[in-house]
Amino acid sequence: MKEFNTQQVSELAGMVGKERFSKGQSNRELHLHDISFHQGMLPAGIIWPESTEEVADILAWAYEQNVPVTPWGAGTSTEGNPVPTMGGLVVDMTRMDRVIEIRPQDLQADVQPGVHRLELNRQAGRHGLFFPPDPGADATIGGMIANNASGVQTVKYGATKDYVMRLTVVLPQGRVIHTGCRAPKSSAGFDLTRIFVGSEGTLGIVTEATLKLTGIPSHYLAAIIRFPDLEKASEAVAVLIGAGLGPAALELLPPGLIRLMNNEKGLGLPEVPSLFCEFHGISEGALKETAQLAGKLCEDCGAVSFDYATEEAARKDLWRARHEAWETIHRAHPGKETLIVDAAVPISRYPEMVVFAQKEVDQAQSIGYVFGHAGDGNLHVVMAGDPKNKEEWGRIEAINQAVVEKAIHFGGTCTGEHGVGIGKRKFMAMEHGESYELMKQIKNLIDPKGLMNPGKIF
Amino acid sequence: MDRAVKERLKDIVGQNGFTDSLIDLISYSKDASEFKRRPDAAVWPETTEQVAKILEFADRERIPVVPRGAGTSLAGLTIPERGGLVMDLGRMNRILEVNIVDRLAVVQPGVVYASLDKVLSKEGFFFPPDPASGSVCTLGGNVATNAGGIKGAKYGTTKDYVLALEVVLAGGRILRTGSRCMKSVSGYDLTKLLVGSEGTLGVITEITLKISPKPPLTSTAMALFEDLEDAGRAVSDIMHSGIIPSALEIVDQQTLKAINQNTDLNLPEVEAILVAETDGYTREETEFQLEKILRIFERNKATSVKRAADKSEADALWTARKSAYGVMARINNNLFVEDLAVPMSNVSKMLRIIADLAKKYDLKIPTVGHAGDGNLHPVVSFDGTNADEVKRVEEASAELFQKVLELGGTLTGEHGIGLAKARFMNQEHSDLSMTMMRAIKKVFDPNNILNPGKMALEN
């Protein structure tokens with residue numbers, strides 16, 4: 001659906017007021033892309049609701065009018081998850097951006113979906129608490145719930161799904177459903193909350209969430225461990241995890257990526273295969289003990305050096321550089337788009353996957369960086385190319401296919417944290433078999449007209 | 001159930017896998033709840049294929065099928081409410097894989113919790129949910145109920161550990177959900193939908209569980225509180241202090257009185273006792289955490305704080321908590337172990353409400369619970385032959401759950417809905433939520449043959 005007619009425009013503007021609906025070209029273009037290369041269809045208009053009731057009105061209207069609806073948070077997705085594929089209406093949730101209440105004694109916060117992760121953590125931080133899922137980008141909480149986002153700290157703290165207690169969701173036709181409860185545990189009926197977490201806006205729009213928070217750790221220790229080759233580094237990952245040291249982050253970085261980070265940020269890091277590792281704990285003594293044990297284990301795996309620091313500044317620089325890895329790669333290859341592999345495998349298969357992915361990239365002579373949240377078996381290959389150059393892009397696509405197939409063969413998944421979006425749909429039947437049919441049935445049950453974020457997951 | 005049906009079932013599972021003898025059927029008419037209903041027959045399948053064939057046949061013939069583990073359900077989850085067939089998964093009891101590097105175990109549903117624990121502990125690992133019935137309950141039952149236990153505050157419940165499932169649906173379709181990865185965002189989370197579904201969506205035939213390294217050391221302390229509110233505040237303060245105890249249990253005054261009346265333990269009859277345990281890899285770690293807890297106990301006016309110097313002293317501190325159920329069973333001839341959860345700041349408020357209800361309805365409701373995750377077990381003991389008392393129990397339950405829900409809580413923290421709480425489902429879940437659960441049930445089990453009558457999924 002490319003354009004709204006005048007009747008539709010006046011009805012939409014009537015629901016929220018003229019200033020919160022736009023069919024202006026620039027606004028429409030701003031809601032056409034996330035950070036991926038995926039191409040969508042220009043939405044016919046953007047609407048900015050401010051309450052659950054307004055969202056309900058909008059979805060009731062869209063259902064009646066058969067208008068496709070795509071919810072929008074911060075647009076920081078990497079798989080085209082919020083890219084409108086059938087035009088229609090984009091529902092931009094960023095005006096519902098309040099932290100409604102923090103209840104420190106219950107370790108909980110009630111939030112609106114448009115609040116950004118860093119803002120929530122700023123407010124929770126006043127109570128000594130934080131919301132741990134950490135995708136790097138300053139995503140909105142709504143987007144994080146839709147994608148079941150996670151990041152470098154997931155190896156210790158889990159993903160978004162582990163922190164969502166309660167949801168208010170507006171379903172197609174404007175029906176409002178409340179799921180979950182404020183008790184820390186429940187066995188009362190089907191867990192509807194977790195059907196919505198990670199459903200990428202294909203079932204409805206989250207308008208309020210109760211999140212679990214956790215105490216900010218009192219002590220940190222960051223370490224960089226260097227290895228002669230990628231294989232030894234990834235073997236050390238399996239050993240560190242198996243030993244139960246409980247790192248709060250365990251990231252694998254290849255020399256090529258460190259080189260880019262050095263060039264851009266002047267970090268001066270040795271350009272060898274490295275693990276960035278972090279431990280959180282209750283005392284400096286306990287952390288140093290852990291670090292010494294980790295150092296010993298890494299040495300046994302062939303590490304050439306193990307450096308650690310407990311100072312805040314050095315730690316933050318390191319992680320900022322890691323968080324900006326994708327941007328750094330993007331900037332280093334101007335004019336190119338990136339395709340990101342996001343496979344995850346059981347940790348014992350991680351070394352093999354890393355070596356395999358690197359070999360694929362090398363053999364195809366493509367531009368590609370193999371790294372990832374090694375601690376939870378999540379492997380990223382960021383490859384740069386020009387989608388218009390069929391030959392170049394074709395080689396990248398082939399690597400993507402090969403890595404994902406191998407991951408699934410190992411009992412893994414095509415997406416550890418980025419979501420299915422547009423790009424991973426082709427792998428769903430292979431990964432899930434009969435279960436994919438069940439997912440379709442659930443989608444049809446809740447969204448029989450297929451209007452919610454069409455063209456995603458299915 | 002006519003003969004042809006029984007013959008067909010025998011064809012699938014063999015003579016040894018089928019029974020309709022009275023003694024077996026009586027056994028299968030009960031679980032650990034107050035409910036009973038006799039099935040028409042029972043089967044012991046040994047493979048996923050047999051389960052699939054049975055469910056294909058049962059679906060065609062519209063025979064109710066009730067999957068069963070060890071029958072330890074406290075909420076009537078395994079009662080064959082519509083008769084039909086009990087499917088005892090006890091013979092599918094193999095541990096298929098323990099993979100320490102990948103931190104997972106693959107098991108059949110009939111494996112007893114303690115059997116897995118034994119194998120894992122040799123490797124220094126464990127599967128943490130640790131239900132109280134762990135020595136007998138099965139892992140299939142744990143998954144179906146989303147079971148929890150004493151370690152919930154630190155380690156979560158079963159749902160946090162299920163990575164993948166093999167499930168047979170009504171009609172015999174075999175589904176594999178999830179993956180062997182620690183994280184995945186690939187489509188809808190069907191695994192989490194199946195965990196806690198009480199056998200109403202499918203029969204679980206294989207479970208891939210995340211396992212955790214088991215901290216070898218623990219430290220234990222106990223504190224007495226003259227005032228319930230002080231104990232409640234101590235719980236909140238501990239959970240907010242940056243450390244998470246591996247257990248934080250509360251025992252109320254009624255329980256202490258019941259223990260004293262039935263034992264010679266001579267416990268002080270204060271308003272509440274808290275028992276805390278911390279775990280870790282080094283003594284320094286466990287003691288550091290315990291010190292923090294002790295300070296919080298003192299700050300919240302604990303009248304007496306005891307700290308265990310060794311294992312036998314720790315066991316002594318646990319006596320009050322661990323002897324509770326046995327003692328309560330002696331109070332009267334019937335016993336309901338209730339199960340509710342509230343936000344943890346409301347633990348003391350909830351205990352006060354329970355005490356008031358006991359007074360109002362002239363009942364004994366001693367309460368113990370996992371305070372660290374807001375999960376309380378009021379134990380209602382009564383005389384089932386006294387119609388008036390039964391009525392008071394029912395009224396008190398209804399009022400209790402209304403209050404729980406007002407406090408933002410849930411009908412059940414870890415025991416499930418089953419038959420016991422079906423009538424309250426619609427109070428916790430709105431009409432729309434109920435409609436959605438029922439619609440999901442229809443997708444998985446259109447003819448309603450799987451554990452029918454549970455969780456208020458009919459209507």
Side-chain angles (χ1 to χ4, degrees), chain A residues 104-108 147-148 150 154 159 175 177-179 181-192 194-195 198-199 215 217-218 238 242 244 282-283 285-286 344-348 376-378 411-417 419-420 428 431-436 438-439 441-442 445 457, chain B residues 100-102 145-146 148 152 157 173 175-177 179-190 192-193 196-197 213 236 239-243 282 284-285 288-289 341-345 373-375 408-417 425 428-430 432-433 436-437 439-440 443 455:
Chain A
Q105 293 306 311
D106 286 329
L107 308 178
Q108 289 174 21
N147 264 21
N148 183 17
S150 57
T154 294
R175 297 167 299 169
I177 192 167
H178 302 277
T179 71
C181 68
R182 292 200 162 105
K185 67 203 266 202
S186 174
S187 291
F190 300 154
D191 192 346
L192 297 179
R194 275 162 196 82
I195 282 290
S199 64
S218 53
I282 48 170
S283 70
V345 291
I347 200 81
S348 64
D376 40 31
N378 195 187
T413 177
C414 65
T415 172
E417 58 179 16
V420 179
M428 289 296 277
E431 179 174 336
H432 297 288
E434 193 74 15
S435 289
Y436 193 37
L438 257 294
M439 292 181 204
Q441 283 178 276
I442 290 174
L445 189 72
I457 301 183
Chain B
I100 296 302
V101 179
D102 288 337
T145 328
N146 185 19
T157 56
R173 265 206 287 182
L175 215 64
R176 296 196 78 98
T177 71
S179 75
R180 286 166 65 96
C181 303
M182 289 300 135
K183 64 199 254 195
S184 171
V185 289
S186 179
Y188 302 157
D189 194 342
L190 298 180
K192 293 278 189 293
L193 179 63
S197 65
S236 279
M239 297 308 293
H240 189 222
S241 69
I243 59 137
T282 63
E284 187 204 343
E285 192 184 351
F288 180 92
Q289 297 176 78
V342 290
M344 58 198 137
S345 66
D373 54 16
N375 189 193
T410 179
L411 297 169
T412 163
E414 56 188 14
H415 295 173
I417 296 290
M425 269 294 271
E428 176 167 345
H429 303 288
S430 67
L432 183 54
S433 293
M436 187 172 290
M437 288 189 210
I440 289 173
V443 167
M455 239 198 242

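Chain letters run A, B, ... following the sequence lines, proteins first and then strands; every chain starts at 1. Because the structure is a prediction, the values reported are computed rather than measured.
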Step-by-step side-chain contact (heavy atoms from CB on, under 4.5 Å) determination, B:M455 to A:F190: CA-CA 9 Å; B:M455 239 198 242; A:F190 300 154; 3.9 Å; yes

| request: Decide yes or no on side-chain contact (heavy atoms from CB on, under 4.5 Å) for B:L190 and A:I442, but give the supporting numbers first. | output: CA-CA 10 Å; B:L190 298 180; A:I442 290 174; 3.7 Å; yes

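Contacts of B:V443 with chain A are made by both backbone and side-chain atoms, with heavy-atom separations under 4.5 Å. When heavy atoms are compared at a cutoff of 4.5 Å, B:T177 approaches chain A by way of both its backbone and its side chain. Heavy-atom distances place both the backbone and the side chain of A:H432 under 4.5 Å from chain B. The contact between B:L432 and chain A is made by backbone and side chain atoms together, counting heavy-atom distances below 4.5 Å. In this structure, the portion of B:R176 lying under 4.5 Å from any heavy atom of chain A is its backbone and not its side chain. The contact between B:E428 and chain A is made entirely by side chain atoms (from C-beta outward), counting heavy-atom distances below 4.5 Å. At a 4.5 Å heavy-atom cutoff, the contact between B:H240 and chain A is made by backbone and side-chain atoms alike. If you measure heavy-atom distances from B:T282 to chain A, the contacts under 4.5 Å come from the side chain alone. For B:M425, the part sitting under 4.5 Å from any heavy atom of chain A is the side chain, from C-beta outward, and nothing else. Interface residue B:E414: backbone and side-chain heavy atoms are both found under 4.5 Å from chain A. Using a 4.5 Å cut-off between heavy atoms, A:E417 contacts chain B through both its backbone and its side chain. Residue contact with chain B, scored on non-hydrogen atoms closer than 4.5 Å, is absent for A:A159. Looking at A:P217, there are no atoms closer than 4.5 Å to chain B (heavy atoms on both sides), in backbone or side chain. Residue A:I457 touches chain B through its side chain alone, counting heavy-atom pairs closer than 4.5 Å.
A 4.5 Å side-chain heavy-atom check between B:L193 and A:R194 finds every atom pair outside the cut-off.
Nearest heavy atoms, A:C181 versus B:T410: SG-CB, 3.6 Å. The two atoms that bring B:S179 and A:G411 nearest to each other are CB-O, 3.5 Å, heavy atoms only. For A:A344 against B:C181, the heavy-atom pair with the smallest separation is O-SG, 3.0 Å. Of all the heavy atoms in A:I177 and B:S433, the pair that sits closest is CG1-OG, 3.5 Å. Nearest heavy atom pair, residue B:Y188 against residue A:I195, reads CD2-O, 4.4 Å. Across every non-hydrogen atom of B:M344 and A:D106, the tightest pair is N-OD1, 3.4 Å.
Between chain B and the options A:G242, A:G215, A:G416, A:S218, the largest number of non-hydrogen pairs under 4.5 Å is found for A:G416. Contact count against chain B (heavy-atom pairs under 4.5 Å) is highest for A:A188 among A:G419, A:A188, A:G412. Of the listed residues (A:C414, A:G189, A:S283, A:S150), the one with the most heavy-atom contacts under 4.5 Å to chain B is A:G189. Ranked by heavy-atom pairs shorter than 4.5 Å toward chain B, the options A:A183, A:G198, A:S187 are led by A:S187. Among B:G152, B:A341, B:G413, B:S430, the residue with the largest count of heavy-atom pairs under 4.5 Å with chain A is B:G413. Your options are A:N148, A:L445, A:D191, and the one with the most heavy-atom pairs under 4.5 Å with chain B is A:L445. Listed options B:G148, B:S241, B:G416 were ranked by heavy-atom pairs under 4.5 angstrom with chain A; first place goes to B:G416. The greatest number of non-hydrogen atom pairs below 4.5 Å with chain A, out of B:H415, B:E284, B:M436, is found for B:M436. Options B:V185, B:L411, B:D189, B:N375 differ in how many heavy-atom pairs under 4.5 Å they form with chain A, and the most are formed by B:V185.
With sequence neighbours left out, the side-chain contact (heavy atoms from CB on, under 4.5 Å) criterion links A:V345 to A:R349, A:Y350, A:M353, A:A407, A:F410. Partners of A:D376 under the side-chain contact (heavy atoms from CB on, under 4.5 Å) rule, at least two apart in sequence or in another chain, are A:T154, A:V155, A:H373, A:N378, B:M182, B:K183.
To the nearest 0.5 Å, the span separating OG on B:S186 from CE on A:M428 amounts to 4.0 Å. Rounding to the nearest 0.5 angstrom, the gap separating the CG atom in A:L192 from the NE2 atom in B:H429 is 7.5 Å. Of the inter-residue distances, the one linking B:S345 atom OG with A:R182 atom CZ reads 10.0 Å to the nearest 0.5 angstrom.
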